[in-house]
Every structure is written in structure tokens, then in C-alpha cells.
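Take a look at the structure below.
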Amino acid sequence: MADAPRLRARPAAHPGGGVPAGQRGQPGRVQAHPRPRPAGRRARPRRHRRVRPQIIHSIVTGTPRVVYGNVVNDGLISNLPQGCVVEVPCVVDATGVRPTAIGALPPQCAALNRTYASVNELTVRAALEGDPRHVRHALMIDPNTAASLTLDDIWRMADDLTRAHGDLLPEALRA
């Protein structure tokens with residue numbers, strides 16, 4: 001971690017939050033906080049629409065910038081499981097997109113992230129192995145679900161979701 005470059009993707013916050021008005025839309029800038037949405041308007045995934053053109057711009061022009069990307073953990077975060085998906089800063093330029101190694105997270109952050117990695121692993125195993133119990137196992141260890149529902153409620157919810165969306169699931173997971 002000592003030799004990892006210090007990368008800065010988001011400008012320092014100012015009193016109004018986000019990016020100062022005069023700096024919005026400039027190459028190399030990622031807006032930290034989108035503008036507030038008017039009441040009654042649905043949320044749209046705006047951030048991704050802003051990042052994609054920036055990535056393309058950097059690859060085409062060679063202008064370096066940093067974006068945050070979800071990538072396979074191949075030693076990028078040393079105290080999270082290999083192969084899980086992690087979000088890290090990625091350098092983008094004419095050579096492409098390169099994830100940046102972070103090193104070890106603080107223990108409390110790694111512990112929380114390992115829980116979510118386990119939820120993802122069980123969900124993938126359910127699909128690959130055709131075992132619907134793994135879907136329920138994933139729900140049982142999800143921190144929000146475990147804090148909100150009893151085990152019986154979790155199984156009922158899984159059954160209800162399976163009935164409602166069964167036509168979208170592989171046959172083996174419809175049980």
C-alpha cells in the first residue's frame with residue numbers, strides 16, 4: 001500500500017456539496033453528489049450515464065482519469081476473498097481501464113464486506129448448483145434481512161418471491 005499511487009477521483013466537498021458549479025462536466029471530474037431530485041420524480045441511474053462517456057473519452061483521447069469500478073478482486077483488496085466483486089478506483093487512459101490495488105481495509109470494514117461477499121457467493125452457488133436452499137441461506141446471512149425478519153419470515157419471503165418471479169428463474173431454483 002505504501003507504493004500505491006494516491007488517486008483522487010472526487011473533488012473536495014464545498015459548502016453546497018458535490019462539485020462546484022463551474023467544475024461540473026469538466027474532463028477528469030466525477031460528480032460526487034448529483035443534484036437533488038424534484039419531489040415526485042423517479043430516481044434514475046444517472047451516475048452511470050455520466051461515467052461511461054468519460055471512460056470512452058479517456059480511452060479515445062488518452063486523457064487520464066480515475067473512476068470507481070466493480071471488478072473481480074484479484075489481490076486488489078488483500079483482506080477480502082479472491083474472486084469476489086469489489087469496487088475500487090480504476091485509472092482510465094488510452095491503454096484502457098486498470099483497477100488500482102488498495103491493500104487491506106480496516107478490519108471492521110473488511111468484516112462487513114466479507115458478509116456481503118458471502119451473500120453474493122451463496123447466490124451464485126444457488127444458480128450454478130441449482131440448489132434453492134442457497135438462496136435462502138444467502139437471505140439468512142444478509143445483515144439487513146437478518147435484522148428485519150425471522151427465519152420463518154425469510155423462508156416465506158423466498159417462497160413468495162419464487163412464486164412471483166418463477167418464470168424468470170432456472171427450473172431448479174423454482175422449488
Side-chain angles (χ1 to χ4, degrees), residues 1 4 7 9-10 30-56 59 66-92 96-175:
M1 176 123 173
L7 303 171
R10 296 181 183 172
V30 176
Q31 186 169 342
H33 305 286
R35 290 184 212 130
R37 184 175 65 249
R41 290 202 52 194
R42 280 186 11 186
R44 288 183 269 155
R46 302 171 112 193
R47 183 179 142 220
H48 297 292
R49 283 192 245 152
R50 291 186 184 132
V51 174
R52 284 184 226 146
Q54 291 178 349
I55 291 171
I56 294 167
I59 291 172
V66 175
V67 298
Y68 286 83
N70 294 318
V71 297
V72 174
N73 187 29
D74 187 18
L76 300 170
I77 300 179
S78 60
N79 55 349
L80 290 182
Q82 293 289 318
C84 75
V85 175
V86 294
E87 184 171 329
V88 297
C90 298
V91 177
V92 187
V97 180
R98 294 177 314 284
T100 303
I102 300 300
L105 294 175
Q108 66 277 19
C109 296
L112 180 62
N113 279 279
R114 277 192 299 274
T115 301
Y116 287 108
S118 296
V119 171
N120 293 335
E121 180 186 359
L122 284 166
T123 304
V124 169
R125 279 181 175 265
L128 293 177
E129 297 173 9
D131 188 344
R133 293 174 303 165
H134 286 323
V135 173
R136 285 142 179 89
H137 298 154
L139 288 168
M140 287 188 278
I141 65 167
D142 176 77
N144 185 44
T145 307
S148 304
L149 300 172
T150 66
L151 290 177
D152 288 339
D153 290 338
I154 290 171
W155 280 76
R156 270 193 294 279
M157 178 181 68
D159 292 341
D160 291 346
L161 288 169
T162 301
R163 274 192 297 281
H165 303 287
D167 57 327
L168 301 173
L169 297 172
E171 183 68 37
L173 297 183
R174 295 180 191 177

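What you see is a predicted model, and the numbers here were worked out from it, not measured in a lab.
Under the salt bridge (charged side-chain N to carboxylate O under 4.0 Å, His left out) criterion, Asp74 pairs with no residue at all, not counting sequence neighbours. Every side-chain contact (heavy atoms from CB on, under 4.5 Å) that Val71 has, sequence neighbours left out, goes to Leu76, Val86, Val88, Cys90, Pro99.
Taking CH2 from Trp155 and OG1 from Thr162, the interatomic distance works out to 10.5 Å, rounded to the nearest 0.5 Å. In this structure, CG on Asp160 lies 10.0 Å from NE2 on His165, to the nearest 0.5 angstrom. Rounding to the nearest 0.5 angstrom, the gap separating the CE atom in Met157 from the CG atom in Leu139 is 4.5 Å. Annotation: the span from Leu122 atom CG to Asp131 atom CG amounts to 10.0 Å, rounded to 0.5 Å.
No donor-acceptor distance shorter than 3.5 angstrom exists from the side chain of Asn120 to the backbone of Val85, with no hydrogens or angles considered.
Here the shortest heavy-atom pairing between Pro89 and Tyr68 reads N-CD2, 3.7 Å. Closest non-hydrogen pair, Glu87 versus Asn70, comes out as CB-OD1, 3.2 Å.
Listed by first and then second residue, the salt bridge (charged side-chain N to carboxylate O under 4.0 Å, His left out) pairs involving residues 135-149 are Arg136-Asp159 (not counting sequence neighbours). Counting only residues at least two apart or in different chains, ring-ring contact (aromatic ring centres under 6.0 Å, His included) contacts with residues 120-147 comprise His134-His137.
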Side-chain donor-acceptor pairs under 3.5 Å in residues 167-175, sequence neighbours left out?
unit_1, atom_1, unit_2, atom_2, d
Glu171, OE1, Arg174, NH1, 3.2
Arg174, NE, Gly166, O, 2.7
Arg174, NE, Leu169, O, 3.0
Arg174, NH2, Gly166, O, 3.4
Arg174, NH2, Leu169, O, 2.9

Solution key, residues 102-115 side-chain donor-acceptor pairs under 3.5 Å, sequence neighbours excluded:
unit_1, atom_1, unit_2, atom_2, d
Asn113, ND2, Cys109, O, 2.7
Arg114, NH1, Asn79, O, 3.0
Thr115, OG1, Ala111, O, 3.2

